[in-house]
Amino acid sequence: MDVSISLVIFLALAAMAIISSLMVVVGRNLFNAAMFLGAYLLVIAGFYFLLSAELVGIMQVFVYVGGVVVVLLFGIMLTSQMINVRLVSALQQRVLTLVVVAALVGLLVSIFSKTSFYYISSAEAPRDSISLIGKLFMTDYVLPFEVISVLLLAALIGAVIIAREEGRQ
Amino acid sequence: MLSSAELLNFANSHGIPLWAMDAFIAALIALGLFAAMGLGFMVQVYMERKVSAGLQLRYGPIYVGPKGSLQLVADALKFITKEDVFPSSAEPWIFRLAPVVMFAAAFLGLLVLPFGPGLVAKDLNVGLIYVLAIPSIGVAGVIMAGFGSKNRYAILGSLRAAAQMISYEVPRSLSLIGIIMIAGTMRLSSIVDGQGIWYIFLQPLGFLVFFVATMAELNRTPFDLAESESEYVNGYHTEYSGMRFGFFFFAEYMSLFAAALLTAVLFLGGWHGPGPVILAPVWLLIKVFGVIYVLMWVRWTFPRFRIDQVMDLGWKVLLPMALVNILVTGIIMSV
């Protein structure tokens with residue numbers, strides 16, 4: 001019998017991922033939805049750890065849980081009209097929604113059918129993944145790395161400008 | 001995952017499934033850490049009371065036990081037996097979960113911290129980023145506590161605490177890049193092994209930024225805006241009492257211990273010290289409690305900053321200092 005703890009953990013994480021992502025969509029309270037989104041992103045980090053991709057998993061926690069979700073919660077709490085509002089959304093564009101959903105489902109099914117799930121690389125996970133990743137960033141992937149830096153800088157400056165203009169009014 | 005060859009044989013010969021064995025060992029490590037932290041908690045709280053009393057020319061606890069050392073046992077009994085007050089306007093699940101999230105974040109942070117050579121639950125090769133990333137889950141716990149209480153003081157306190165913790169995460173992380181450059185690794189045990197000269201001497205500027213940012217990250221005076229009693233009652237845990245408050249309290253001292261341990265491991269040579277290897281954890285603990293003493297000393301000596309001063313210090317002083325530190329380290333290393 002080949003029941004390892006990784007399988008048990010994987011099944012538990014998968015169940016948690018499905019439940020929490022469903023709660024994000026189904027919930028009517030915005031704050032709760034944001035909390036479940038945070039839980040879901042943590043579970044994804046758990047998957048990365050399970051695949052011994054520690055750096056990616058930690059970055060997931062750092063950027064998504066510590067950054068994105070916290071900023072989302074800030075936004076909800078500072079928008080006073082958003083607290084305690086039960087969002088009731090009515091389906092308004094029925095045809096368009098159906099088209100988009102059908103396209104998305106089609107895309108997912110086509111990806112699902114093309115992927116072979118039984119391929120597991122026999123290679124050992126690299127022991128020192130950080131220095132490998134660092135070297136790749138500075139050699140093969142230096143252009144995307146620099147482009148992302150410029151993009152983040154632009155976003156930073158844009159945020160400062162928007163904040164200053166609001167302060168003046 | 002955790003099993004060594006002997007344990008594997010034991011499991012095979014007794015028909016114990018492998019996953020149960022792994023889960024058992026993991027639970028054992030977690031319990032051991034928890035017990036150690038419980039003990040550390042008692043020592044730290046007693047120390048905090050005595051240090052603060054000494055600095056303010058008071059006696060501190062003297063009645064319960066010899067020199068008041070059993071005061072915390074009495075306090076713990078009080079926490080456990082106190083009525084569980086639940087504000088009627090609170091969000092039930094968020095209010096209940098917030099202390100758990102805070103506690104779990106503080107506890108998870110201990111997972112990669114070495115207590116001595118080989119004495120570590122999981123020696124990740126990204127250990128340094130891990131200890132910086134996990135406290136950010138605690139920020140979510142702070143916001144949950146404030147929002148779940150549905151109390152104006154609690155919401156204001158949680159917003160301040162979260163803003164402060166996010167701001168100081170940036171200089172705190174950047175101040176350690178110099179160490180990563182010198183050590184060439186992010187594995188905490190390798191960083192300790194590489195410290196022939198303590199990094200506090202090689203990275204004085206980095207240490208200064210890290211230490212101040214750590215104080216802010218722990219929400220201790222002079223950075224205790226999150227629970228400034230004179231302004232808004234008690235910040236994000238205004239509505240918590242009894243055992244729920246006890247969890248916040250425990251998490252706070254666990255983070256304090258973890259921060260002091262991280263400082264000792266990164267800057268003060270970890271477990272290095274004269275004498276045989278068996279003394280290594282003792283040296284480490286001496287350094288850890290030295291750091292904790294300095295943190296308490298600062299806490300009971302300085303008054304509180306204003307919120308704008310806190311933000312200015314973080315973004316306009318510590319962040320440029322951390323960047324200069326990286327630049328200087330790079331120049332010196334390349335020369």
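Numbered from 1 within each chain, the chains take letters A, B, ... in sequence-line order.
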* Could you tell me whether a side-chain N or O of A:Glu146 sits under 3.5 Å from a main-chain N or O of A:Leu143, the two making a donor and an acceptor? => no
* **Contacting region of B:Thr185 [heavy-atom separation from chain A under 4.5 Å]** => neither
* Name the region of A:Tyr64, side chain, backbone, both or neither, that has any atom closer than 4.5 Å to a heavy atom of chain B. => neither
* Part of A:Leu55 within contact of chain B (heavy atom distance under 4.5 Å) -> both
* Asked: Considering only heavy atoms, which portion of B:Ile166 lies under 4.5 Å from any heavy atom of chain A: side chain, backbone, both, or neither?
  -> side chain
* Asked: Given the options A:Val71, A:Val69, A:Val61, A:Val63, which has more heavy-atom pairs under 4.5 Å with chain B than any of the others?
  -> A:Val61
* Asked: Where the side chain of B:Arg172 meets the backbone of B:Glu217, is there a donor-acceptor pair that is under 3.5 Å apart?
  -> no
* **Criterion side chain to side chain contact (heavy atoms under 4.5 Å, CB included) on A:Asn32 and B:Trp93, from CA distance to verdict** => CA-CA 10 Å; A:Asn32 286 359; B:Trp93 280 106; over 6 Å; no
* **Under 3.5 Å donor-acceptor, B:Tyr199 side chain and B:Ile182 backbone** => no
* To do: Kindly state whether the ring of B:Phe95 and the ring of B:Tyr240 have centres lying under 6.0 angstrom apart.
  => yes
* **Near-ring test B:Phe223/B:Tyr168, centroid separation under 6.0 angstrom** => yes
* Non-hydrogen atoms of chain A under 4.5 Å away: do they reach the side chain of B:Leu132, the backbone, both or neither? -> both
* Check whether B:Ile94 gets within reach of chain A through its side chain, its backbone, both or neither, counting any heavy atom under 4.5 Å. => side chain
